Amino acid sequence: MPELPEVEVVRLGLADHVLDRKIAEVEVAHPRAVRRHAEGGLDFAARLAGRTITGARRRGKYLWLDLDGGAAGDDAVLAHLGMSGQMLVADATRPDEKHLRIRFRFADDGSELRFVDQRTFGGLSVHPLVPATGGGLLPGPVAHIARDPMDPLFDLDAAVAAVRRRRTELKRALLDQTVVSGIGNIYADEALWRAKLHSLRPTEALTRAQGRAVLEAATEVMAEALRAGGTSFDALYVNVNGASGYFDRRLDAYGQADRPCRRCGTPIRRDAFMNRSSFSCPRCQPRPRHRATGGITASRGA
DNA sequence: GTAATCACCTGCAGGC
DNA sequence: TGCCTGCAGGTGATTA
């Protein structure tokens, strides 16, 4: 599942393969892939034909391709990979993927850019760039997203304060993209394990030191994942060349149900959390005393 | 204004 | 073998 490191790997690949290339034609094979483009697929394709890609940027799990000046000024193609989205640079002669949703053909007749998405949670859309709080230009839908821990202007103390201002459970706050962006279920569990904090810990009772510890752990684990090329459990996350990352082999908590904790040997526990799963070590990460439980201990393993 | 819940969607594993 | 159910989970709309 693409989280920040996986999206960054894709962004780097796009920067290598599509920068300064002129789009000749865009084909939308599935309307759901452009559902966030309010004017529909035909308008999406029409707005991109003839434009040149001038940049590949990212905030959190969103990435976008800057376009040269159009009729209405600077704009960008915004992409969210959702659960299973892939941006593939492919030779035009290669057979189409089963879940090909959008195809970009370029004026140079070289490789194509394909948006492939099995579960259709992802999508592409075109938006004008608008001034963002804190400076810079961003596509409109990204303007409310907080800076991610790999952003050079990320303010750790401000992020800790934002987490502590919330009145919720710690993991919910970590997953809230308006508090800190880029963290998904995998890296939230890994950061909590490293910081020895339970996902249900109330944010209002979190000390500054604990807040710093969990956000620093998140930064650390995502940087390590990026160096490994991202986390892949199956064929759903790949880079632009279709290759998988290797960080899943180094996960300490996520997907490790019933396996011994690498710190203390206690079996990792799986709990239900927001219609998904949460993994933690019951010894290193004790539950807070005054929170409702209701989790499950049965596990399906990884 | 803030927090919680649910729908969206497809493929796979496991049980019967 | 085939059907059914549960699970994976990020985002945005809706509800409280």
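On a predicted model such as this, the values are computed, not experimentally measured, just so you know. The chains referred to below are lettered A, B, ... by the order of the sequence lines, with proteins before strands, and numbering in each begins at 1. Basis for what follows: all heavy atoms, side chains included, without hydrogens, waters or symmetry-related copies.
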* To do: Starting at atom CG of Asp117(A), determine the distance to atom C1' of dT10(B), rounded to an integer number of angstrom.
  => 10 Å
* So which pairs with a foot in residues 76-116 of chain A pass ring pair (Phe, Tyr, Trp, His ring centres under 6.0 Å), sequence neighbours left out? -> Tyr62(A)-His80(A)
* On the ring face of Trp193(A), is Arg262(A) found with NZ or CZ under 6.0 Å from the centre and within 45° of the axis? -> no
* Asked: What's the closest nucleotide to the Ser277(A) side chain, out of dA8(C), dT10(B), dA3(B)?
  -> dA8(C)
* Taking atom P of dT5(B) as reference, at what distance in whole Å does atom CG of Asp176(A) sit? -> 15 Å
* From Leu65(A) atom CG to Thr52(A) atom OG1, the distance as rounded to the nearest 0.5 Å -> 12.0 Å
* dT10(B) P sits how many Å from Met83(A) CE, rounded? -> 13 Å
* To do: Report whether Leu156(A) and Leu197(A) are members of the same hydrophobic cluster (ILVMFWY, side-chain heavy atoms less than 4.5 Å apart, transitive linking).
  => yes
* Asked: When the distance from CG of Asn185(A) to P of dA8(C) is rounded to whole Å, what number comes out?
  -> 9 Å
* **salt bridge (Lys or Arg N to Asp or Glu O under 4.0 Å) evaluation trace for Asp157(A) with Arg208(A)** => CA-CA 9 Å; Asp157(A) 290 330; Arg208(A) 271 194 198 84; over 6 Å; no
* **Between dT11(C) (C1') and Arg172(A) (CZ): distance, integer Å** => 15 Å
* Touch check for Tyr62(A), heavy atoms < 4.0 angstrom, all strands: base, sugar-phosphate only, or nothing? -> sugar-phosphate
* Asked: Glu97(A) has an atom CD; how far is it from atom P of dG11(B), in whole Å?
  -> 14 Å
* Assess whether side chain to side chain donor-acceptor pair (under 3.5 Å) is satisfied between Ser111(A) and Arg21(A), documenting all intermediate values. => CA-CA 10 Å; Ser111(A) 56; Arg21(A) 296 180 69 189; 3.1 Å; yes
* **Lys98(A) NZ - dC12(B) P separation (whole Å)** => 7 Å
* Structure fact -> In whole angstroms, the gap separating C1' of dT2(B) from CD of Gln177(A) amounts to 17 Å
* Give the nucleotide from the list dG12(C), dT11(C), dT10(B) with an atom nearest to the side chain of His99(A). => dT10(B)
What pairs of nitrogen or oxygen atoms, one from the protein and one from nucleotides 7-9 of chain B, lie under 3.5 Å apart?
unit_1: dC8(B); atom_1: O3'; unit_2: Arg32(A); atom_2: NH1; d: 3.3

* Structure fact -> Looking only at dA8(C), dG11(B), dG10(C), the nucleotide nearest the Lys61(A) side chain is dG10(C)
* To do: Find the distance between CD (Gln210(A)) and CZ (Arg201(A)) and round it off to the nearest 0.5 Å.
  => 4.5 Å
